[in-house]
Amino acid sequence: MQITEHKPLIVAFCCNWCSYAGADLAGNNRLNYPADVKIIRVPCSCRVNPMFVLRAFQKGADGVIICGCHPGDCHYTSGNYYARRRMAMLFSMLDYLGIERERTRVEWVSAAEGAKFSATMNDFVEKVTKLGKNKRLEDLRCKK
Amino acid sequence: MRKCSLSAINSIFEEIAKNTMLFLPVDNKDGKAEYKKWQEGFLLSEKLNTVKSPKEFLFPQTENLMEFKTSGKNIEIIDTRTAKEDFVVFGVRACDAKAFDILDKVFLTEPRDSYYASCREHGTIITLACNKPSETCFCSAFGIDPANPMGDVSAWKTENEMFFEANTEKGEKFIELIKNLTEKTDNKEVKKQKEKISNIMKKLPLANLSTEKFGGGKTKELFDAPEWAELSSTCLGCGTCTFVCPTCQCYDIKDFNTGKGVIRFRCWDSCMYSNFTLMAHGNNRNSQKERFRQRFMHKLVYFPENNDGTFGCVGCGRCLSRCPISMNIVKVMKKLGGKTND
Amino acid sequence: MTNVDTLIPKVGVITDVRIDTPDIKTFRVVTPDGKKAFDHRPGQCAMLSIPGVGEAMFSITSSPTNTEYMEFSIKKCGCVTEWLHSAEVGQQITIRGPYGKPFPVDDEFAGKNLLFIAGGVGLAPLRSVINYCRHYRDRYGKIDIVYGSRSKDDLLDYKEIIDEWATDEGINVHLTIDNAQEGWDGHVGFVPNYVKELGFDTDKTAVLCGPPIMIKFTLDGLYALGFEKTQIYTTLELRMKCGVGKCGRCNVGAKYVCKDGPVFRFDELNELPTEY
Amino acid sequence: MQKITTDALVQKAVELLNNNTVSYVLGWKKGEFDYDITPYVFKDEKTLKEEFIYSDFCGVNLSKYLVAKTKELAGKILVFLKPCDTYSFNQLLTEHRFNREKVYAIGIPCEGMLDIDKIKLNLEGISSIVETKEGVKVNTLDDKTIELEKQAILLEKCKNCKSKKHYAYDELLGEEGDVLDNNRFDEVAKLESMTAEERFEFWQSQLSKCIRCNACRDACPACTCEKCVFDNPNSGIENKSPANSFEEKLFHIIRAFHVAGRCTDCGECSRACPQNIPLHLLNRKFIKDINEHYGEFQAGLEVGQRGPLVSYTTEDVEPSDVFNKGE
């Protein structure tokens, strides 16, 4: 049997004001990050409903990362503070249900941190790749 | 009639499982009975009945109907029906066996439901008489005798033996299959067992539940009864009663977009749900009272009206023990049925 | 398995979209090889669906005498209808049917004078009967059509009504709109009142379809004119999923609208609980 | 502590009905058997005297009914609240779900409610259940008598009772109790200490029992949305069936998440579940996490509390750090 390396699908929710611009900057500076990362732009990290995260896994994501402005820098003053609590609770719950904790992450990336964006994504993809396919939170109907 | 000793029952299961899938009630971790696919070491549950009814063998909670592939403006319909495998359900109680007849009346009348029909065709139902009916049982109100369960094969358990009698062609085949593991016998022992059961039945607290006030043609008398308001006043509107019910057969058809196509599936639905009859321009059953009334009127009036007097309830007692607020068909029947006696 | 199941639809193609009113469009549907999907009787319905959006029951607006295609007049009000309204010619949908009991056009209606009363999109199911009766004109007596809507722009099939129905011999068309409007010299007022004003003879069989409130007051009007319940028909609509009386939601009392309806005579309806 | 009798409650209710303090009484009504007690709105003295009951099987939390009943009924409603029900009562008021003016609340003591499922675990055919000092005496249809100890047959939610103290009432009947030392987070901690693999197995087997009847949601006093996201066809997740293990997880994670920070841990979800899924362990996980990371918080202690998930501090723990505690 030939072992081919599993290519993970990563969904990154990026806030419009910082992280999405950060991703843009990474691109402009020709900093690499894996093409397996699919970015979904959201107005603010707190726009990410827990349902979005679960739906991403359902539709085939192997890892979900949420990127927002650094605490204190939210375009809407406090959105990322709320997101921080919500996602902490959600990810802790996923962990509690036995979903590998490395599949979820929250990272603060500013518009000036193209390098951090690229490094974060590289690191995240690497960790998720190691875990292999998302088996514990998959919807088989979407995998046919 | 054939019999075997209880100690041989596992070898019978083994024999059946060699040929087909065998499902039977076994005790689960919660200490309740649940239908499971038999495997080595599984013991037939001693419990009176399972929490979930065996209707899911014929009418699964979720069942894919077909798939669609779309490209541009075009649609391709894919018939995903496949040939079903044969299966045996062992240890079905008299009430649940009767519930299959009720489901048949719905799904097998024209136009026949091919999904249900194919499950029905491939399933052999082995019933088992209830040696210890419980206080929540009221099957006798609907003319069901727990000592004489129907199905393809009827079985009785005595202290040391199990007896089998075929009722249908499928049943004969089953008896043939276990011929070498059983021996021919007369029905003396079974008769004794039946007597024991009917003695218990007479003593049950719900033994005298009357259906006199219900049945086809009673819509006008019962529909506007003031009792519906108070009976339904604390109903939560959950689907517990409908989903544990062996005869509830309402379903919804829904589409699921997998990203690569669309799966159209049907799933159990409940008339207790607020969106059951919700349309874009309104809902004809707007309050829980109307939805509650629908469930019981359907079982006690509408269904018998359309099916020669057969009630849509078999008295299995599941709703009595599972409703989170202990509202159930017995309370409804007593309240509405007792009305004119006062 | 080769057996058919009523739940499995056929593919249909939208070959024409006609904008009738600001919120009603009429869709022409045939099979991909250009044929009519199935035969039907006046008043019967079909299940149309868009995979991934949903399935819904619609009355077939075109007459059975039209052997080339089927038409559906659909008002925009929910998910499926909204999606259909955005569909273009050539779009495929799925279709199954026919469902329900038709109008008794060949027995009880035969030889009778007919009175059709419709409001708004309620004309959709009646159009099928009206055109059927026009096709077999000699089988029926005088035909009166009362049709009303909110405004001139909301009148369904206006062109067909004016150019074809109104010019037919023995057919009287009475149009009305709720409020006076420029460019309208016809009757102004609600349908129930108009029916009373017109004061029909009771030698007719009446067929009603429209919003519940219109039905209620028109009925009162007809009773006042001396009509009997056995002379009046209507067609109902409830949420449906299967179309064949199995999914259990469209019942009114012991009757299923999809199977025992949608056409009911008022003496039959009178026997049912008022849960529609 | 002296046990409050049904008679004492009926007497009080009749008194308040007759002096027009209230027009309705929200309480519990006798069933067919000794254990199938239904919540009920009493309107007259006769029915109260004949059918009202307060026994060891009155586990139903009546608070949630106030949302619908205060809208539906014109007069003032008397409601009987057990200590844990008062938390839900306050939480509903915090969320402006009913008009306090329309309710007359009477706090009543609770000794822990019984779980008929646990009683029926090893016996079938019950003719009567008699409360005794230590527990219950069950008489069976085949004329046997079985004694059961209370601790073994308590409802899951009562096994780790957090409080016998009432946090909201207009009047208190019986003695006031205290907040109890409890070990309600032990089971959560036990799960946390397992490996991810084991936790996954545990929850997979538990949640696979779900029949998606929505009883947990419908019984929950915190779930009072007019239109639930799971009933809304436009939400994209309206799905009536536990089509597969993903749908089961999605439903239960979201259900628990939607009440996180508002859940008073009344345990109605687990009590209502026909399949005995320990749903309270999901809710308690959130409570435990909130307590550990954002400070002790008990929903429903007083009206007007700001929930932990609708507030924040700039110093909050980073999501990546919630995993790293104690490891």
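In what follows, chains carry the letters A, B, and so on, assigned in the order in which the sequence lines appear, proteins first and then strands, with residues in each chain numbered from 1.
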- prompt: Considering the options Phe98(D), Tyr167(D), Tyr65(D), which one meets the ring pair (Phe, Tyr, Trp, His ring centres under 6.0 Å) requirement together with Phe89(D)?
  reply: Phe98(D)

- line: Most heavy-atom pairs under 4.5 Å with chain A, out of His258(D), Arg199(D), Glu201(D), belong to Arg199(D)

message: Please identify, among Ile253(D), Val229(D), Leu207(D), the residue contributing the most non-hydrogen atom pairs under 4.5 Å to chain A.
response: Ile253(D)

message: Using heavy-atom distances under 4.5 Å, tell me whether Arg105(A) contacts chain D through its side chain, its backbone, both, or neither.
response: neither

List, one per line, each side-chain donor-acceptor pair under 3.5 Å for residues 60-75 of chain A, sequence neighbours excluded.
unit_1: Asp62(A); atom_1: OD1; unit_2: Asn134(A); atom_2: N; d: 2.9
unit_1: Asp62(A); atom_1: OD2; unit_2: Leu9(A); atom_2: N; d: 2.8
unit_1: His70(A); atom_1: NE2; unit_2: Trp108(A); atom_2: O; d: 3.3
unit_1: His70(A); atom_1: NE2; unit_2: Glu113(A); atom_2: OE1; d: 2.7
unit_1: His70(A); atom_1: NE2; unit_2: Glu113(A); atom_2: OE2; d: 3.4

message: So which residue, Leu54(A), Asn49(A), Val106(A), ends up with the most heavy-atom pairs under 4.5 Å with chain D?
response: Leu54(A)

message: Cation-pi check for Tyr312(D) against Arg84(A): NZ or CZ below 6.0 Å from the six-membered ring centre and within 45 degrees of the axis, yes or no?
response: no

query: With a 4.5 angstrom heavy-atom cut-off, which part of Ser311(D) approaches chain A: side chain, backbone, both or neither?
result: both

- prompt: chain D: which of Arg55(A), Arg86(A), Met89(A), Met87(A) shares the most heavy-atom pairs with it under 4.5 Å?
  reply: Met89(A)

task: Scan side-chain atoms only and decide if Tyr76(A) and Trp17(A) contain a donor-acceptor pair under the 3.5 Å cut-off.
output: yes

message: Test your reading of the model: is there a side-chain donor-acceptor pair from Asp289(D) to the backbone of Ser92(A), 3.5 Å cut-off?
response: no

Among the listed options Thr195(D), Leu250(D), Ile237(D), the residue most often paired with chain A at heavy-atom distances under 4.5 Å: Ile237(D)

- prompt: Checking Lys162(D) against Tyr87(D): charged group under 6.0 Å from the ring centre and within 45 degrees of the axis?
  reply: yes

message: Looking at Phe57(A), I want to see if its CZ is surrounded by more than 12 non-hydrogen atoms of other residues, nucleotides or ligands under 6.0 Å.
response: yes

- request: Check whether Asn244(D) gets within reach of chain A through its side chain, its backbone, both or neither, counting any heavy atom under 4.5 Å.
  value: side chain

message: Heavy-atom cut-off 4.5 Å, strictly under: side chain, backbone, both or neither for Val188(D) against chain A?
response: both

message: For chain A, which candidate among Glu247(D), Gln204(D), Glu198(D) shows the most heavy-atom pairs at distances under 4.5 Å?
response: Glu247(D)

task: Could you pull out all residues at least two apart from Phe251(D) that satisfy ring-ring contact (aromatic ring centres under 6.0 Å, His included)?
output: Phe230(D)

Interface moiety of Glu315(D) toward chain A, non-hydrogen atoms closer than 4.5 Å: backbone

- request: Under 4.5 Å heavy-atom distance to chain A, tell me which part of Phe286(D) shows up: side chain, backbone, both or neither.
  value: both

query: Checking heavy atoms, do the side chain of Glu138(A), its backbone, both or neither come under 4.5 Å from chain D?
result: backbone

Lys190(D), NZ: over 12 other non-hydrogen atoms inside 6.0 angstrom: no

